[in-house]
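Following: one structure in structure tokens, then a few remarks.
A, B, ... follow the sequence lines: proteins, then strands. Residue 1 opens every chain.
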2 protein chains.
Amino acid sequence: MTMDDRKQKILQSIVLDYVETAEPVGSRAMVKKHGLRISAATVRNEMADLEDMGYLEQPHTSAGRIPSQKGFRYFVDCMMESQELSEQEIDLLYQMARNNVKDWDEVISGIAQFLSQITHYTSFIIMPAVHVSQFRFLQLVPLEKGRAVVLLVTDMGLIMHRKIEIPESITPEELTTIAEVLNRTFSAKKMGEITRSDLQTIRNDLNQRKKVLEVTLNAIDSLLESSSGERVVVSGLINLLREPEFRDLDKLKRIITLLEEDVVLRSVVPNEVSEQVDILIGNENPIQEMKDLSMVFTGYKSFGVLGKIGLIGPVRMEYWKATGTIEAVRSIVQEIIQKYY
Amino acid sequence: MTMDDRKQKILQSIVLDYVETAEPVGSRAMVKKHGLRISAATVRNEMADLEDMGYLEQPHTSAGRIPSQKGFRYFVDCMMESQELSEQEIDLLYQMARNNVKDWDEVISGIAQFLSQITHYTSFIIMPAVHVSQFRFLQLVPLEKGRAVVLLVTDMGLIMHRKIEIPESITPEELTTIAEVLNRTFSAKKMGEITRSDLQTIRNDLNQRKKVLEVTLNAIDSLLESSSGERVVVSGLINLLREPEFRDLDKLKRIITLLEEDVVLRSVVPNEVSEQVDILIGNENPIQEMKDLSMVFTGYKSFGVLGKIGLIGPVRMEYWKATGTIEAVRSIVQEIIQKYY
DNA sequence: GGTTAGCACTCAACAGAAGAGAGTGCTAAC
DNA sequence: GTTAGCACTCTCTTCTGTTGAGTGCTAACC
């Protein structure tokens, strides 16, 4: 049995209908709705074929057909065109991104919100870990007596600070000197490569300013610690509520609990993500618990750092809309990163 | 009709039972369960009285009784003792708070998570706006050519930074001078009192370093902007899923959408919160949409700044547990703030 | 040979009826 | 004032019949 044009058309109609209504699609109703030129009986025959081929499923004997995951896969691979965002939506996105020249964090969570609002799916953004970016610069800023701020800058332009306490006798000039020494040592090292043994070596080298070094190094240590993991932002979990497939409260609870765990998301999205939009449908997800969910995601790259943006929804997902939106958002994120640098 | 001891005891039993089971409590079952020394019939008479007095309600004629909101209020006011956290839980809390000497943000969201995990209710923390705290100090730190960081310190020890672009010709010394001028001008002003007209005045004063001033003032402006509102953290929304009263998906969706809006929470919690634990039961909430929810909250204060911590759950809430937990968390937050300063 | 009309059959979903069970209110006795 | 007894109420569950959308098969049609 081969997939001819008519079968394709029928499969497509079923997918579109099912995505819209979440109900099994019957032959009669379908012919009517899509104004097909063939009779319901013919459609039934074709449907039976498609079921044999594994593209369709029947919830029970006297129900219509729904696309199987294989059916969705075929649809996505061979028949779908990704739908671009409307002018309005793009405007909105640009506007939001521009207004928010605030924190990178705020920009990111704004974008996640945008994603979930536009698509009505759950969105996520995985921000790359700091330790893969390059160290660029460190500064010690004196505050009032006995206090200072460690200011750490990475090549991505990410700035972090931490307050430290220092002996009151230390002068601003001494602070500067210490900062210079540290800068020379760390210069152009990857953040992740600044090991504790490095820190130890330096500790020994500069005994006379021990106390300042001590706290500074501790601060750096803790900055590294606090941002060494990838940050994960998830937005629009409530959108899952609107999907009839998650009516079951237990199921819903399980899924939400799952998605709230950063670890899960990080492990589910492949490590190496291309800059194309990838789709994982139901069982294609690496973990069993997500068999009823699909993911549409892509990577964004900048200066060798890889982040991931994606949408999560039911298998019965408007993939065309999801891919289009992700595409648009990816490019604007890239653009912001460019400018930020 | 007066509230005698026996009536109290019966009301209490009904409240406890109902909080536990979410089912109307019948006379017979209650007598059995609580081993009361009176017969079911007597209890029925008392129940009828309590209903007349408004403390109980009957979902329908042949069902048991449930406490009315007035009943809960009476229980909370006259009969409840708040239940302290267990040693274990306190340990856990301290441990968590100490490990997280990271960002204030992270500490806060960690505490919110703790709250919702321990109690199984939804927790929120409203962090005070920055503009009510005092300006203390500002520093301009040169980065590589053409870039600098504005470092802003408030009296609470809150440090904020923002990257700015400056003309390449500006020397680090000039930056220092500019920072000094700004410091003299702003010194000891409340953040909120730094008006745009202030900024304008200074703009005019120092024409020669116009460009740097421009971007610095813009940065300050945007820092003020971005943190001028109170920040709201909500955690454990999923806990609502476990409550039988929110089985109805539509209701649930409405409530979650409500609680996700920072604005709503900010407007619902009274502006002036004492350092005692307050309770709002159902209709006592200022907005109609929250009539099925109760709030248990308190204020934490430090250097004149007022933040709020609270729990949100169904009217059928374990108030004793909630108040105890809030109490414990309030005191640890205070402690952290003390140390942080 | 592909297409279509016709028809018997299937099955979920809905609606009503019957029965069980938990609970109440009232009355009369203790 | 307290309690046992009893009739009554109302929800919830179970069962049953009905409806309707949909299928698969067969025979006729082009």
Expressed as a whole number of angstroms, how long is the span from [X]:[atom1] to [N]:[atom2]?
X	N	atom1	atom2	answer
B:Ile10	D:dT2	CD1	P	10 Å
B:Leu36	D:dT3	CG	C1'	15 Å
A:Asp4	C:dG2	CG	P	11 Å
A:Ile66	C:dA12	CD1	P	14 Å
A:Leu56	D:dG24	CG	P	11 Å
A:Ile14	D:dT23	CD1	C1'	13 Å
B:Arg6	D:dT3	CZ	C1'	11 Å
A:Leu50	D:dG24	CG	P	12 Å

Next on the checklist: What contact category does A:Thr42 fall into here, base, sugar-phosphate, or nothing, at under 4.0 angstrom with non-hydrogen atoms?
Outcome noted: base
Next on the checklist: Side chains of A:Tyr18 and A:Glu23, heavy atoms from C-beta outward: is any pair under 4.5 Å?
Outcome noted: no
Checklist entry - Partner of C:dA28 by Watson-Crick or G-U wobble geometry, both contacts under 3.5 Å, or none? => result D:dT3
Checklist outcome for this item: Using Watson-Crick geometry (N1-N3 plus N6-O4 or O6-N4) or G-U wobble (N1-O2, O6-N3), each under 3.5 Å, D:dC15 is paired with C:dG16
Next on the checklist: For B:Phe75 and B:Trp320, take the angle between the two ring planes, folded into 0 to 90°, and tell me which bin it lands in: parallel under 30, tilted 30 to 60, perpendicular over 60.
Outcome noted: perpendicular
Next on the checklist: Would the base of C:dT10 count as contacting A:Ser62 through its side chain, where contact means a donor and an acceptor less than 3.5 Å apart?
Outcome noted: yes
Give the nucleotide from the list [options] with an atom nearest to the side chain of [X].
X	options	result
B:Arg65	D:dG24, C:dT24, C:dA5	C:dT24
B:Ser27	C:dT4, D:dG22, C:dT24	C:dT24
A:Ala41	C:dT4, C:dC11, D:dA4	C:dT4

Next on the checklist: Side chains of B:Tyr121 and B:Ser116 only: does a donor on one sit below 3.5 Å from an acceptor on the other?
Outcome noted: no
Item to check | Over-ring placement of B:Lys70 relative to B:Tyr55, 6.0 Å and 45° cut-offs | outcome: yes
Next on the checklist: Please compare B:Arg44 and A:Pro24 by the position of their nearest nucleotide in DNA chain D and report the one closer to 5'.
Outcome noted: B:Arg44
Checklist outcome for this item: Whichever of A:Met47 and B:Asn45 has the more 5' nearest nucleotide on DNA chain D, that residue is B:Asn45
Item to check | Phosphate OP1/OP2 of C:dG21: any B:Arg28 side-chain N/O under 4.0 Å | outcome: no
Checklist entry - Is the side chain of A:Ser68 donor-acceptor paired with the backbone N or O of A:Glu57 at a distance under 3.5 Å, no angle test? => result no
